[in-house]
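First the structure, in the form of structure tokens, and then the observations on it.
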2 protein chains.
Amino acid sequence: MSRESLPPTPASSVPTLADVARMANVSTATVSRCLNSPDQVAERTRTRVMAAVKGLGYAPNFGARALASKQTNTIGAVIPTMENAIFARGIQAFQEELGRHGYTLLVASSSYQEALEEEQIRTLTARGADGLLLIGFHRNARVYEFLKTRSVPALVAWAYDAENNTPSIGFSNKHAMVDLARIVFEKGHRHIGMISADTTANDRARDRLTGVKLAAGEAGLDVDRMPVIETTYSIECGVEAFRQIMAWTPRPTAVFCGNDVLAIGALRAAKEMGLSVPGDVSITGFDDIELASLAEPALTTVHVPHREMGRRAAGMLVDMVTKKITPKSVELQTDIRLRRTLGPPPT
Amino acid sequence: MSRESLPPTPASSVPTLADVARMANVSTATVSRCLNSPDQVAERTRTRVMAAVKGLGYAPNFGARALASKQTNTIGAVIPTMENAIFARGIQAFQEELGRHGYTLLVASSSYQEALEEEQIRTLTARGADGLLLIGFHRNARVYEFLKTRSVPALVAWAYDAENNTPSIGFSNKHAMVDLARIVFEKGHRHIGMISADTTANDRARDRLTGVKLAAGEAGLDVDRMPVIETTYSIECGVEAFRQIMAWTPRPTAVFCGNDVLAIGALRAAKEMGLSVPGDVSITGFDDIELASLAEPALTTVHVPHREMGRRAAGMLVDMVTKKITPKSVELQTDIRLRRTLGPPPT
DNA sequence: TTAAAAAATGTAAGCGCTTACATTTTACTG
DNA sequence: CAGTAAAATGTAAGCGCTTACATTTTTTAA
């Protein structure tokens, strides 16, 4: 067993920068430059180095690169769940755009639990995420501080607030809901109800509820007597909540749902209860997931540009990471999709 | 500006292991052990170290850890797209289980393009993924070789093949389809058609088609004359394909669809064409996505345990990475969900 | 009480890369 | 062709951690 010399043929293990350098007869610095800023290297050298890279099947070691350059080219996203089609769609677009910029996506999900979200944010940060995509503003101030001391830029999506100093991309859940609710009131509804997602740790749900209340106030309704049921994100819960809300006196002639999934549940419940939609009761959703236009009757809802949001979020985050800037929050437009589930109240 | 001494207070930057060591009055090795194998450290020391960790708000540097330990605790997954609910669901479960084992998920999507998939596999490998989750077996042999030389363990999901030496977790697409098709033929259908996803780079689609053909052969049909349309994964494509296939002579009385999304499209097309389902034509899907039971009439399809697959895939992959074993492939059971879209052929 | 074994801790050598700075080569100018 | 600027390349110092091995401390057994 000889030893004591610069390892000439590094066994059969994974080739390193040094191997490439040796083969191409240059220093490791030159190889590194070939890979990271090719135009700093003379063409002849570059060709030679690249040949060596190819010949050896060299690929840079991630850890070493991260350690030396202090960045991972990785962006983290903490979302409630991918099973929710709206996030799946947005994240898909987010990831595609990230890829175009040479970034990779690290994902974690919070299952709508605040504590878990905090943990995931810490995990992704520890995993070296250069930047973070977060959903909504609501979270412990401690988390924002943590991100600041670690100087990990974060972008909030699916929510919009020009005032907040965390940049965001999204839409005003409140305004969107106000717009929808106004249309509903114009149809003449005076007794309404709302099935909302849990509002405790979910500012989006909260804003949507606020929107309905605002518009209701405008229309002269007694907002305090409006039945509101908070429940979990699932069709079954929508069914159950709808039953409860229709037991109210006076019985609502229109039921706002905080999202399409709950609305689909409501729709099904109505069917089971033998109620005609929109003859006996109107139902509205929010998100415009695929199911919305497929439902029978098709669901009136608020259309949200999820893909666009994901795509642009990626661009913003990459800018934040590379240029170290804090972009302006961007507000996306939602629009009302009037479909069959909305009609005038029964006479 | 003084200098020349071991940096005592490292400015306000991120604390390192050395800072913790200094504060707790131990060596960096001890701190490292406290974090990675706590029971090798005396309780008193550990308490002191942990206090320092907390006091300093220390979190290990990912790159350094990866470089030194040669592992990232990160698992990569390359899926066609998250917009497909079946992958979203499976990946969600995958990620949750990964988290339970202390692993983080890195995702990339191939958009069903073979070349892109290869690129993504290389990217995730370069990003330091300790192991990889891949969908289906079909890919260039070069990719498998690459993975082998880099010794990155890979697990194939959504497909099952006990013979293949890449371990897998999934189900037999062929058998599942045979089972479904047999039921269809028992109803008396003699003229069938199939709307399939693109089979070129998709072994799952191919196997499903094979399944239908096998059962058709069993039933004594002339397999070669069976109309098959290959199209893209989308409701619209399903609509279009269904129109074409119903123009065939003799007109099919049952149309198999390679997945539920195509089936939903077919269903809609049937409605638009004024055909009764299953009165005039029966339609079947595959996957049992949420939409399947919500459709009107509800779709007969093959139920696949996506979540279970994701969850167990995570466990297997973690074993592969940590214990360096190659697990046995596991076959999951699918089952037929007989719903309203299947009936006997018109008389 | 003491030697040997076991447990705890420390020392220091990398891991493979990037990059500031130093040096060499090439290109240009008068 | 010398003299200088610009371009290309090399040198080597880390980046922050893990871990084999060495050393010290504690425990155990005789």
Side-chain angles (χ1 to χ4, degrees), chain A residues 3-4 6-7 10-11 13-50 52-53 56-73 125-128 130 150, chain B residues 3-4 6-7 10-11 13-50 52-53 56-73 125-128 130 150:
Chain A
R3 189 55 56 74
E4 302 299 32
L6 306 174
S13 73
V14 181
T16 72
L17 241 211
D19 297 327
V20 178
R22 204 172 300 123
M23 187 173 202
N25 225 277
V26 295
S27 73
T28 60
T30 300
V31 178
S32 175
R33 278 190 287 256
C34 273
L35 265 25
N36 300 312
S37 39
D39 31 62
Q40 273 183 48
V41 178
E43 172 145 8
R44 282 191 46 212
T45 329
R46 204 191 316 148
T47 327
R48 195 150 33 96
V49 170
M50 286 319 202
V53 165
L56 253 28
Y58 169 78
N61 174 296
F62 175 72
R65 196 206 276 261
L67 179 55
S69 69
K70 300 185 172 312
Q71 57 161 326
T72 59
N73 283 319
T125 307
R127 281 280 188 290
D130 291 337
R150 274 256 170 333
Chain B
R3 189 57 52 77
E4 304 298 31
L6 307 173
S13 71
V14 181
T16 72
L17 240 211
D19 297 327
V20 178
R22 203 172 300 124
M23 186 173 202
N25 226 277
V26 295
S27 72
T28 59
T30 300
V31 179
S32 175
R33 279 189 285 256
C34 272
L35 265 23
N36 300 311
S37 38
D39 31 63
Q40 273 184 47
V41 178
E43 171 144 8
R44 282 191 45 212
T45 328
R46 204 191 318 147
T47 326
R48 195 149 35 94
V49 171
M50 286 319 203
V53 165
L56 254 28
Y58 168 79
N61 175 297
F62 176 71
R65 197 206 276 260
L67 179 56
S69 69
K70 301 185 171 311
Q71 59 160 326
T72 59
N73 284 320
T125 308
R127 280 283 188 289
D130 291 337
R150 274 255 169 336

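Throughout, a chain's letter reflects where its sequence line sits, starting with A, and its residues are numbered from 1. Reckoned from all heavy atoms, side chains included, excluding hydrogens, waters and symmetry mates.
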To the nearest angstrom, how far is [X] atom [atom1] from [N] atom [atom2]?
X	N	atom1	atom2	value
B/Asn61	C/dC17	CG	P	16 Å
A/Gln40	C/dA20	CD	C1'	12 Å
B/Glu43	C/dA7	CD	P	16 Å
B/Asp39	C/dA6	CG	P	18 Å
B/Asn25	C/dA8	CG	P	19 Å
A/Arg46	D/dA8	CZ	C1'	12 Å
B/Leu35	D/dT19	CG	P	12 Å
B/Leu67	D/dT18	CG	C1'	10 Å

Out of [options], whichever nucleotide has its closest atom nearest the side chain of [X]:
X	options	result
A/Ser69	C/dA8, C/dG16, C/dT18	C/dT18
A/Val41	D/dT9, C/dT18, D/dC17	D/dT9
B/Arg65	D/dC17, C/dC17, D/dA8	D/dC17
B/Ala68	C/dA12, D/dG16, D/dT9	D/dG16
B/Asn36	D/dT18, D/dA8, D/dG16	D/dT18
B/Thr45	C/dG16, C/dT18, C/dA8	C/dA8

Verdict with reasoning, A/Cys34 to A/Thr45, per side-chain contact (heavy atoms from CB on, under 4.5 Å): CA-CA 9 Å; A/Cys34 273; A/Thr45 329; 5.8 Å; no
Just to be sure I understand the rule, does [X] reach a base, reach only the sugar-phosphate, or reach nothing, if contact means heavy atoms closer than 4.0 Å?
X	answer
B/Ser32	base
B/Ala29	base
A/Phe62	nothing

Heavy-atom check, side chain of A/Leu17 versus side chain of A/Pro60, under 4.5 Å: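 A/Leu17 vs A/Pro60: side chains apart.
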Taking side chain as C-beta onward, heavy atoms only, is B/Arg48 less than 4.5 Å from B/Val41?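 No, too far: nothing below the 4.5 Å cut-off.
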N or O in side chain of [X] less than 4.0 angstrom from [N] OP1/OP2:
X	N	answer
B/Thr30	C/dG10	yes
B/Lys70	D/dT19	no
A/Ser27	D/dT9	no

How close do A/Asn73 and B/Arg127 get, heavy atom to heavy atom, and via which atoms?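 It is O-NH2, 3.2 Å.
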Can you see which heavy atom on A/Thr72 is nearest to which on B/Phe62, and at what distance?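 Reported closest heavy-atom pair: CG2-CD2, 4.5 Å.
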Side-chain donor or acceptor of B/Asp19 paired with backbone N/O of B/Thr16 under 3.5 Å: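 Yes, the answer is positive, given that a donor and an acceptor are paired below the 3.5 Å cut-off.
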Does B/Val26 or A/Arg33 map to a spot on DNA chain C nearer the 5' end, using the closest nucleotide for each?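 Nearest nucleotide further toward 5': that of B/Val26.
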